Protein chains: 2
Amino acid sequence: MSTVREEKKKTTKKAILQAAIRLFGKNGYKNTTIEQLAKEAGIGKGTVYGYFNTKSEILYAFCEDEMEYIHQQLAGKSNQDDPILEQVLTFFMAEFHYITKNPGFGRLFMQEMIFPKPNFQQGQQDKAVQNYLAMIIPIITRAQERGELRAELDPLDICGHFYALYLILVHSCYAKMTPYDQAETTLRRLFTQVIEGLQTHQTSRSKV
Amino acid sequence: MSTVREEKKKTTKKAILQAAIRLFGKNGYKNTTIEQLAKEAGIGKGTVYGYFNTKSEILYAFCEDEMEYIHQQLAGKSNQDDPILEQVLTFFMAEFHYITKNPGFGRLFMQEMIFPKPNFQQGQQDKAVQNYLAMIIPIITRAQERGELRAELDPLDICGHFYALYLILVHSCYAKMTPYDQAETTLRRLFTQVIEGLQTHQTSRSKV
DNA sequence: AAGAAAAAATGACCGCGGTCGAAATTTCTC
DNA sequence: GAGAAATTTCGACCGCGGTCATTTTTTCTT
């Protein structure tokens with residue numbers, strides 16, 4: 001039983017996230033204080049910490065919601081039988097555009113996402129990863145069935161390869177080594193390379 | 001002229017870094033305050049900010065020194081004509097072990113390194129990257145000359161592929177998806193895959 | 001329904017990263 | 001070498017993230 005308490009908890013958590021969406025969106029992450037957040041959510045400052053352990057955890061939850069939205073938007077669009085290259089490119093470029101739209105924001109998100117604090121909400125983290133994989137793994141296995149990708153490889157590994165290159169792209173943009181308008185070109189080149197392989201071999205190359 | 005002032009500046013900067021080495025090393029990054037650092041360096045708190053813009057910038061400079069040391073140690077050891085796989089594996093695993101020795105530490109370093117603040121000391125950042133590339137690029141070009149890697153690819157791209165996978169490894173360890181004792185196995189597998197390529201093809205594979 | 005126990009909310013408080021204007025030091029000018 | 005100008009040092013101060021003892025609310029017990 002004791003459903004009253006649980007209801008309230010859910011409501012409060014939602015209220016905090018709603019406040020985050022409004023305030024982070026309007027003033028940015030840095031310029032929003034926990035106290036403002038609490039006020040906007042109609043609770044006391046200390047109460048916030050009953051729902052999130054750190055400020056960045058709130059950001060994380062916030063971004064996760066946004067991400068899910070991005071993914072949902074994308075779900076319909078991609079053509080299931082496009083070459084694997086085009087499909088993963090579309091997927092990661094959508095994310096790239098979102099992440100880099102507000103750079104300071106994206107930076108913090110990536111920092112928390114890629115190198116999370118050890119005591120991070122285990123559930124949260126996993127949920128995000130699951131969401132991710134649910135989108136990308138089917139694309140990969142389908143390509144394997146089609147004979148486009150090596151069937152003996154673990155789809156998770158393949159996913160890792162693409163994700164790794166996506167990370168490098170974001171990194172090199174943040175480090176100003178790649179201008180934003182060349183992001184897609186660069187990612188396409190790297191994806192092509194990983195698909196074809198780095199080693200020399202005799203099979204005919206598609207081009208160049 | 002005005003050499004007195006410049007001398008002093010250099011001395012002070014060194015003093016701060018020395019203090020950082022001692023205090024970060026002994027008490028960790030989080031438990032060391034700027035005030036302690038300043039006291040240890042024999043200067044006032046505010047003065048520190050004449051040399052570094054943020055605390056994490058000090059960490060970065062500190063780690064850079066450590067990194068250089070690691071790389072120097074490594075420089076002699078690797079056999080120039082080992083297969084490319086073995087050479088890059090040795091290189092990145094050395095770094096991996098250093099980074100993960102003190103997890104909280106390594107996390108912050110990676111966060112700053114991979115997703116730097118936009119106003120970051122441009123010189124510092126570049127210097128670190130240069131250092132990096134100076135180590136790894138020769139290994140790659142040699143492998144290209146030997147005919148082990150495709151010569152038409154930009155060595156920087158190839159470097160990016162390996163680095164990307166290294167990043168993913170660190171990530172998946174921090175996210176507790178890969179146990180530390182399987183790190184090397186995992187990295188070897190991923191490196192092998194990127195070298196061979198993800199696509200299906202007819203050339204004989206080395207194994208499996 | 002009353003009182004005990006458990007859980008959650010609260011805001012005063014703390015510690016530290018970073019700022020700033022005043023003071024000290026160095027350099028420049030004549 | 002005296003005084004002006006420029007640069008550097010400094011620590012009191014500010015703001016915010018996060019903690020904690022206390023109070024309030026909810027649930028359990030009989």
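Scope of the values below: all heavy atoms of this structure, side chains included, with no hydrogens, waters or symmetry mates. Every chain is numbered from 1, with letters handed out A, B, ... down the list of sequences. None of these values were measured; they are calculated from a predicted model.
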Per the under-4.0 Å heavy-atom filter, residues of residues 17-33 of chain A near DNA chain D come out as A:Thr32, A:Thr33
Value for CD (A:Gln182) from CG (A:Leu187), rounded to nearest 0.5 Å, stands at 13.0 Å
[atom1] of [X] versus [atom2] of [N]: gap in Å, rounded?
X: A:Phe52; N: D:dC16; atom1: CZ; atom2: P; result: 20 Å
X: B:Ile58; N: C:dG17; atom1: CD1; atom2: P; result: 9 Å
X: A:Tyr49; N: C:dC14; atom1: OH; atom2: C1'; result: 13 Å
X: A:Lys55; N: D:dT19; atom1: NZ; atom2: P; result: 15 Å
X: A:Ile34; N: C:dG15; atom1: CD1; atom2: P; result: 20 Å
X: B:Lys13; N: D:dT9; atom1: NZ; atom2: P; result: 13 Å

- [ ] Test the B:Lys13-B:Phe52 pair against the cation-pi criterion, namely NZ or CZ under 6.0 angstrom from the six-membered ring centroid and within 45° of the ring axis.
- [x] yes
Could you check whether B:Lys55 makes a cation-pi contact with B:Tyr29, meaning its NZ or CZ is under 6.0 Å from the centre of the six-membered ring and within 45° of the ring axis? yes
Looking only at D:dT9, C:dG18, D:dG18, the nucleotide nearest the A:Thr54 side chain is D:dG18
List the atom pairs, donor and acceptor, that lie under 3.5 Å between side-chain atoms in residues 156-164 of chain B and the rest of the protein, sequence neighbours left out.
unit_1	atom_1	unit_2	atom_2	d
B:Asp157	OD1	A:Arg189	NH2	2.9
B:Asp157	OD2	A:Arg189	NE	2.7
B:Asp157	OD2	A:Arg189	NH2	3.4
B:Asp157	OD2	A:Gln193	NE2	3.1
B:His161	NE2	A:Gln193	OE1	2.8

So the side-chain hydrogen bond (donor to acceptor under 3.5 Å, both in side chains) pairs with at least one residue in residues 80-100 of chain A (sequence neighbours excluded) are A:Glu66-A:Tyr98, A:His71-A:Glu95, A:Glu86-A:Arg188, A:Glu95-A:Tyr132
Check nucleotides 10-12 of chain D for protein N or O atoms closer than 3.5 Å to its own N or O atoms and list the pairs.
unit_1	atom_1	unit_2	atom_2	d
D:dC10	OP2	B:Gly44	N	2.8
D:dC10	OP2	B:Thr47	OG1	2.9
D:dG11	N7	B:Gly46	N	3.2

Hey, can you pull the donor-acceptor pairs under 3.5 Å for the side chains in residues 35-42 of chain A, sequence neighbours left out?
unit_1	atom_1	unit_2	atom_2	d
A:Gln36	OE1	A:Thr33	N	3.0
A:Glu40	OE2	A:Arg22	NH1	2.5

Open item on the list: Looking at A:Ile84, is its backbone amide N or carbonyl O close enough to the side chain of A:Glu148 to form a donor-acceptor pair, meaning the two atoms are under 3.5 Å apart?
Closed with: yes
Hits for salt bridge (charged side-chain N to carboxylate O under 4.0 Å, His left out) against B:Glu184, two or more places apart or cross-chain, chain-then-number order -> none
